[in-house]
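Per chain, numbering begins at 1; letters A, B, ... match sequence-line order.
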2 protein chains.
Amino acid sequence: MTKRALPPVVARMWGRETASRHGPRPSLDLSRIVDAAIGIADNEGLEGVRMSSVAAQVGVATMSLYRYVGSKDELLTVMADAAAPEPPAIDGRPWRDYLTEWTRANRDFLLDRPWLLQIPRNTPPVGPRALRWLDRALAALAGTGLEVAERINIASALTGYANTQAALVHGMTVGAEAGGDGTIGGLADYGDILGQVLDPADHPELAAAVHARAFGAAEEWIDDADFAFGLNLLLDGVQALIARHGGGAAAG
Amino acid sequence: MTKRALPPVVARMWGRETASRHGPRPSLDLSRIVDAAIGIADNEGLEGVRMSSVAAQVGVATMSLYRYVGSKDELLTVMADAAAPEPPAIDGRPWRDYLTEWTRANRDFLLDRPWLLQIPRNTPPVGPRALRWLDRALAALAGTGLEVAERINIASALTGYANTQAALVHGMTVGAEAGGDGTIGGLADYGDILGQVLDPADHPELAAAVHARAFGAAEEWIDDADFAFGLNLLLDGVQALIARHGGGAAAG
DNA sequence: ACCTGAACACCGTTCAAGT
DNA sequence: ACCTGAACACCGTTCAAGT
């Protein structure tokens with residue numbers, strides 16, 4: 001309410017830095033730094049992103065970066081917003097069609113840049129990109145008669161779902177790689193590991209599932225069907241809610 | 001299928017270390033180390049967990065820890081499993097009642113130990129505790145006629161939801177604290193920030209929502225109602241699925 | 001086989017000058 | 001006001017001995 005000063009990271013993400021009056025002009029801007037950092041993360045993963053490597057990439061001394069970013073954490077926060085693509089266009093589609101694509105696109109860009117999954121998000125969305133994603137989801141639900149708070153909750157549940165799925169698929173796909181030392185190398189392995197480790201007395205249901213090779217079907221376990229399954233759970237719930245409201249166009 | 005050797009972390013989590021034949025007996029075991037590390041994380045947050053601080057806590061040299069843990073990352077992985085409580089007991093309750101409590105309990109222990117949210121999970125669950133949680137969810141759905149794969153997917157969607165919600169609530173509650181420098185200090189701030197930053201042309205729906213003070217209602221925005229809302233979205237979806245299967249006891 | 005001290009490598013960040 | 005080199009602090013991990 002009280003119009004407090006914006007937190008520094010937020011100000012920077014929106015280009016709201018108080019412009020400096022005199023003295024030499026800056027030789028960089030934040031977006032060049034962020035793009036360089038994103039490029040490094042794409043190529044080498046998040047561990048490749050060091051203040052020194054980013055600085056080298058843009059051709060300045062490491063220290064110069066601290067003119068543009070308060071800390072490495074801030075840099076990561078800004079990267080996380082900038083690395084997302086624009087949300088898909090609505091084009092007048094019914095809410096369910098659109099939100100299906102929206103959620104899928106959300107998951108997909110996380111899988112394209114799995115290092116995004118490693119950046120801890122301690123706040124609700126504040127960056128322009130993330131807020132544009134939220135905005136589009138709200139717009140898609142505009143005709144449904146749902147209240148704003150409900151629509152926000154739905155969008156947040158869907159983002160959460162996209163995140164969870166991306167993390168799961170990524171964890172299964174990559175397996176033993178930089179970072180998680182000697183972990184799991186795909187689904188066959190996973191069932192195998194569970195089989196070796198489970199105590200039927202302690203994990204009866206799982207032991208039965210493993211025995212029944214529920215994890216053996218491997219390839220199709222991770223594919224799109226599972227994603228659609230959970231997503232439709234959520235969207236069915238939304239649809240039921242809309243119906244209960246006696247609301248607008250509950251097309252699908 | 002091929003009964004590969006267990007990844008070292010997994011072996012350690014399940015106490016499957018190959019016992020050593022002769023020479024001095026170990027002066028520690030993994031669980032003492034892990035408990036110490038958890039204690040530190042509870043008191044000081046995850047940054048307080050250093051190999052040196054953990055070693056000091058158990059009274060050995062830093063280097064000794066590497067007898068029990070391959071790396072700090074491994075230690076974190078083991079901590080993440082050990083820090084979870086046991087899942088709630090089913091007591092013959094109908095699936096919907098139980099899964100509601102299950103998901104809520106899941107969120108709650110994450111909020112009790114928010115440092116768990118910071119530990120990146122690159123794999124599906126492999127620890128005994130996490131697998132017991134999964135097992136109980138499968139058991140609760142046993143009478144519904146759903147297939148194992150479906151039940152696993154449901155459990156995974158629910159854990160994901162618990163995680164997302166915990167992260168959201170935590171991010172909103174703590175605000176400016178160690179780690180996320182000068183970020184958001186609660187919901188009033190959030191609405192305020194959005195108000196300052198949004199461009200109505202670019203974020204029309206959100207701008208309208210902020211204008212209508214959809215974020216101003218503050219206190220109740222984050223409370224239990226929102227959690228229940230999204231959860232019921234999911235559970236309604238599950239219920240619809242069960243009904244479609246023409247399946248068992250869809251009580252709840 | 002287990003424990004340990006010293007040493008190394010790496011990296012984020014502070015500081016005091018420079019222009 | 002912006003850039004920079006040197007230096008500091010911190011911490012995970014390797015190594016070579018010790019028992």
Side-chain angles (χ1 to χ4, degrees), chain A residues 8-9 11-12 17-34 36-37 40-41 44-79 118-120 178-182, chain B residues 8-9 11-12 17-34 36-37 40-41 44-79 118-120 178-182:
Chain A
V9 219
R12 274 189 265 255
E17 286 296 74
T18 49
S20 49
R21 316 287 155 163
H22 28 33
R25 287 259 254 49
S27 71
L28 303 161
D29 53 26
L30 182 55
S31 69
R32 275 196 48 214
I33 297 173
V34 170
I40 295 173
E44 307 173 33
L46 206 57
E47 336 95 44
V49 178
R50 290 175 276 272
M51 294 307 270
S52 55
S53 64
V54 175
Q57 187 79 10
V58 289
V60 293
T62 306
M63 306 309 130
S64 310
L65 300 183
Y66 288 92
R67 282 282 126 197
Y68 300 88
V69 153
S71 67
K72 187 184 179 181
D73 275 351
E74 272 194 30
L75 176 58
L76 294 176
T77 301
V78 183
M79 285 171 70
Q118 316 249 40
I119 300 181
D181 283 291
Chain B
V9 220
R12 274 189 266 255
E17 285 295 75
T18 48
S20 49
R21 316 288 155 161
H22 27 32
R25 288 257 255 51
S27 69
L28 303 159
D29 53 24
L30 182 55
S31 69
R32 277 194 48 214
I33 297 173
V34 170
I40 295 173
E44 308 172 34
L46 206 55
E47 336 95 44
V49 178
R50 290 175 275 272
M51 295 307 270
S52 56
S53 65
V54 175
Q57 186 79 8
V58 290
V60 294
T62 306
M63 307 310 129
S64 310
L65 300 183
Y66 288 92
R67 282 281 129 198
Y68 300 88
V69 154
S71 67
K72 187 183 179 182
D73 274 351
E74 273 194 30
L75 176 58
L76 294 176
T77 301
V78 183
M79 286 172 69
Q118 315 250 39
I119 300 182
D181 284 289

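Look at B:Tyr68 and you won't find any side-chain N or O under 4.0 angstrom from OP1 or OP2 of C:dC2.
The heavy-atom pair separating A:Glu74 from A:Val9 by the smallest distance is CG-CG1, 3.7 Å.
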When you compare the protein's N or O atoms with those of nucleotides 9-13 of chain D, which come within less than 3.5 Å of each other, and at what distance?
| from | atom 1 | to | atom 2 | distance (Å) |
| --- | --- | --- | --- | --- |
| D:dC11 | OP1 | B:Arg50 | NE | 3.3 |
| D:dC11 | OP1 | B:Arg50 | NH1 | 2.6 |
| D:dG12 | OP1 | B:Lys72 | NZ | 2.7 |
| D:dG12 | OP2 | B:Met51 | N | 2.9 |
| D:dT13 | OP2 | B:Tyr66 | OH | 2.7 |
| D:dT13 | OP2 | B:Lys72 | N | 3.1 |
| D:dT13 | O5' | B:Tyr66 | OH | 3.4 |

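The one candidate from B:Val78, B:Ile33, B:Leu75 that meets the side-chain contact (heavy atoms from CB on, under 4.5 Å) condition with B:Tyr68 is B:Ile33.
Every residue two or more places apart in sequence or in another chain was checked for a salt bridge (charged side-chain N to carboxylate O under 4.0 Å, His left out) with A:Arg50, and none qualifies. Taking B:Ala11 as the reference, B:Leu6, B:Arg16, B:Glu17 meet the side-chain contact (heavy atoms from CB on, under 4.5 Å) condition, with sequence neighbours excluded. A:Ser52 pairs by the side chain to side chain donor-acceptor pair (under 3.5 Å) definition with nothing, not counting sequence neighbours. For B:Ser27, there are no side chain to side chain donor-acceptor pair (under 3.5 Å) partners at least two apart in sequence or on another chain. B:Arg67 is linked by a side-chain contact (heavy atoms from CB on, under 4.5 Å) to nothing, counting only residues two or more places apart in sequence or in another chain.
Straight-line distance from the CG atom of A:Leu28 to the C1' atom of D:dC2: 10 Å, rounded to whole Å.
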Report the secondary structure of DNA chain C in dot-bracket form, marking unpaired bases with a dot and bases paired to a different strand with |, and treating Watson-Crick or G-U pairs with both distances under 3.5 Å as paired. ||.|||||...|||||.||
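Of the N and O atoms on the side chains of B:Asp29 and B:Ser31, at least one donor lies less than 3.5 Å from an acceptor on the other residue.
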